[in-house]
Amino acid sequence: MALYVQKFGGTSVGSIERIEHVADKVKSFHQQGHQIVVAVSAMSGETNRLIGLANDISEHPTPREMDVLVSTGEQVTIALLSMALQKRGVNARSFTGWQAGIKTNSSYMKARIEDIDTSAMRAQLDAGGVVVVAGFQGLDGDNNITTLGRGGSDTTGVALAAALGADECQIYTDVDGVYTTDPRVVPAARRMEKVTFEEMLEMASLGSKVLQIRSVEFAGKYKVPLRVLSSFKDGNGTLITMEEDNSVENPVISGIAFNRDEAKVTIKGVPDIPGVASKILVPISDANIEVDMIIQNVSADGTTDFTFTVHRNDYQNALEILRSTANELDAREVTGTDDICKVSMVGVGMRSHAGVASKMFKTLADENINILAITTSEIKISVVIAEKYLELAVRALHSVFGLDAEEETA
Ligand code: ASP
Ligand code: MG
């Protein structure tokens, strides 16, 4: 007998039929003798609808009332799912965040869970019942309702699993696992059986938006085995674990992530002396613009070109700031482009294999794709290329690094 936390996302509980379907699933696990704690999202579209109502009243609703408002979505789902389970003869009981003992700090709309008092949930489990918890919400030290940020029900699921010492936290969603890359770009993308937390974090932050990043960090920190699987289709999904698979057949690269929301700016001909990098970047960070890659070249005449990438939304702003810095530093020129994208190969196998970068660059060269910037970490290599080459690059790399699903032989 195992203890599972099962989190169902908005699409999985998006209609009455779907809630009934979730109830069937939960009932069958429960009947196998497992202890089940369910965490649910609001029905799909509901959180956005509630935010829309608030914005109809005020441009700047207070964060406290926003949390009182948006937390209602999940309260609807826990009641409906509990009713559906009860109709099936299952002893189920709904718990709002505070009834489940979820204590958070006071940062409305992005609260962090500080502690979970599991005693009420334990009593229900000990009585043989199913626990149904509202995701996304908690209570701060002054009894104010808080929410955990968009997509926060994933974090609720993981935090409950950690606090209860669950055997696994299962995230049920509308995809059947984590893929080697976006299947819409590479039809030959494969579902991964396993991926490490580290890899998943690199992939999530690069746009594989299957899980809220914070929930993955949380699961890694508390060593909660996490599984992503489909609510609609049977299968093993993808297990996210601590263990690295060192078997020989295991590919060096686990997945390829990409991001289109990129822009690149360059300031040319600045003096190559101490303090210049900070003179360039301090005004950028003061404007709250996040910098991703940074490249600096020294040219023969003792000046340097300085390039960095930012989110596409910050492009115009970054250019303007850079122009005024260029005046101050007597730089030659400021240039930029937002027709770029970032492609990243991720894999813990890189640690023990040489030649990954050169193979990547060769692959891109063979496709005549120019690399505009490069960064590396222990388990990731990212390149910036023109956006029009995104599909071509990802497909070529996916195939060269042996990630393509095997074609069915006739
Ligand atoms: N309902 C919240 C949202 O839409 C939380 C969640 O679904 O995870 O962001
Ligand atoms: Mg979600």
Side-chain angles (χ1 to χ4, degrees), residues 5-16 18-19 21-22 26 37-55 61 63-82 94-100 102 104-105 107-113 116 131-140 144-163 169-175 178 200-201 204-205 207-219 224 226-232 237 240:
V5 172
Q6 304 186 317
K7 183 263 174 177
F8 291 89
T11 10
S12 306
V13 295
S15 66
I16 295 300
R18 289 187 171 180
I19 290 175
H21 174 71
V22 168
V26 171
V37 174
V38 183
V40 286
S41 288
M43 295 169 78
S44 57
E46 179 62 8
T47 308
N48 288 341
R49 187 186 72 88
L50 294 166
I51 292 171
L53 291 178
N55 292 334
R64 182 182 186 278
E65 303 315 325
M66 277 309 279
D67 278 355
V68 172
L69 177 69
V70 295
S71 63
T72 62
E74 275 73 9
Q75 190 164 332
V76 170
T77 339
I78 53 170
L80 293 176
L81 179 57
S82 299
S94 64
F95 292 75
T96 61
W98 69 266
Q99 288 173 328
I102 300 175
T104 73
N105 66 13
S107 308
Y108 295 117
M109 298 165 79
K110 49 174 193 296
R112 293 197 166 247
I113 296 176
I116 302 182
V131 171
V132 181
V133 182
F136 181 52
Q137 55 174 268
L139 205 65
D140 78 0
N144 297 299
I145 293 174
T146 54
T147 64
L148 309 178
R150 296 307 306 266
S153 298
D154 291 342
T155 299
T156 302
V158 172
L160 291 174
C169 178
Q170 304 175 336
I171 307 277
Y172 287 88
T173 178
D174 47 6
V175 294
V178 181
M200 190 61 205
L201 283 174
S205 60
S208 319
K209 294 184 183 73
V210 190
L211 283 169
Q212 195 198 33
I213 296 180
R214 184 127 69 86
S215 72
V216 181
E217 282 166 4
F218 209 105
V224 178
L226 192 60
R227 191 182 291 277
V228 175
L229 58 190
S230 165
S231 302
F232 309 110
I240 304 163

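In listed order, ligands and their atoms are each counted from 1.
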### Task
May I ask whether Gly73 places a heavy atom under 4.0 Å from ligand 1?
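Gly73 does not count as a contact of ligand 1 under the 4.0 Å cut-off.
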Proximal ligand 1 atoms for [X], defined as those under 4.0 Å from one of its heavy atoms:
X      : value
Ser153 : 5 (C), 6 (C), 7 (O), 8 (O)
Arg150 : 3 (C), 4 (O), 9 (O)
Ser41  : 6 (C), 7 (O), 8 (O)
Gly151 : 3 (C), 5 (C), 6 (C), 8 (O), 9 (O)

### Query
Hey, is ligand 1 close enough to Lys7 that some N/O pair sits below 3.5 Å?
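Among all N and O atoms of Lys7, none is under 3.5 Å from an N or O of ligand 1.
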### Task
Say whether Gly149, considering both its backbone and side-chain N or O atoms, lies within less than 3.5 Å of an N or O atom on ligand 1.
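Looking only at distances, the answer is no, because the N/O contact criterion of under 3.5 Å is not met.
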### Inter- and intrachain pairs under salt bridge (charged side-chain N to carboxylate O under 4.0 Å, His left out), touching residues 71-82, at least two apart
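For residues 71-82, and leaving out neighbouring residues, there are no salt bridge (charged side-chain N to carboxylate O under 4.0 Å, His left out) pairs at all.
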### Message
Closer than 4.0 angstrom, basic N to acidic O: yes or no for Arg214 and Glu217?
### Response
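Here Arg214 does not pair with Glu217 in a salt bridge, since their nearest N and O are not under 4.0 Å apart.
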### Task
Not counting sequence neighbours, which residues clear side-chain contact (heavy atoms from CB on, under 4.5 Å) with Ser71? List them please.
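Listed in chain order: Gln137, Ile145, Thr147.
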### Message
Less than 4.5 Å apart, side chain to side chain, heavy atoms only: is that true for Phe8 and Val26?
### Response
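Yes, at least one pair of side-chain atoms sits under 4.5 Å.
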### Between CZ on residue Phe232 and CG on residue Asp174, distance to nearest 0.5 Å
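Going from CZ on Phe232 over to CG on Asp174, the span is 6.5 Å.
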### Query
What distance separates Met109 CE from Phe136 CZ, expressed to the nearest 0.5 Å?
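Met109 atom CE to Phe136 atom CZ measures 8.0 Å (nearest 0.5 Å).
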### Query
Where does Glu74 meet ligand 1, judged by heavy-atom distances below 4.0 Å: at the side chain, the backbone, both, or neither?
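Looking at Glu74 and ligand 1, just side chain atoms fall under 4.0 Å.
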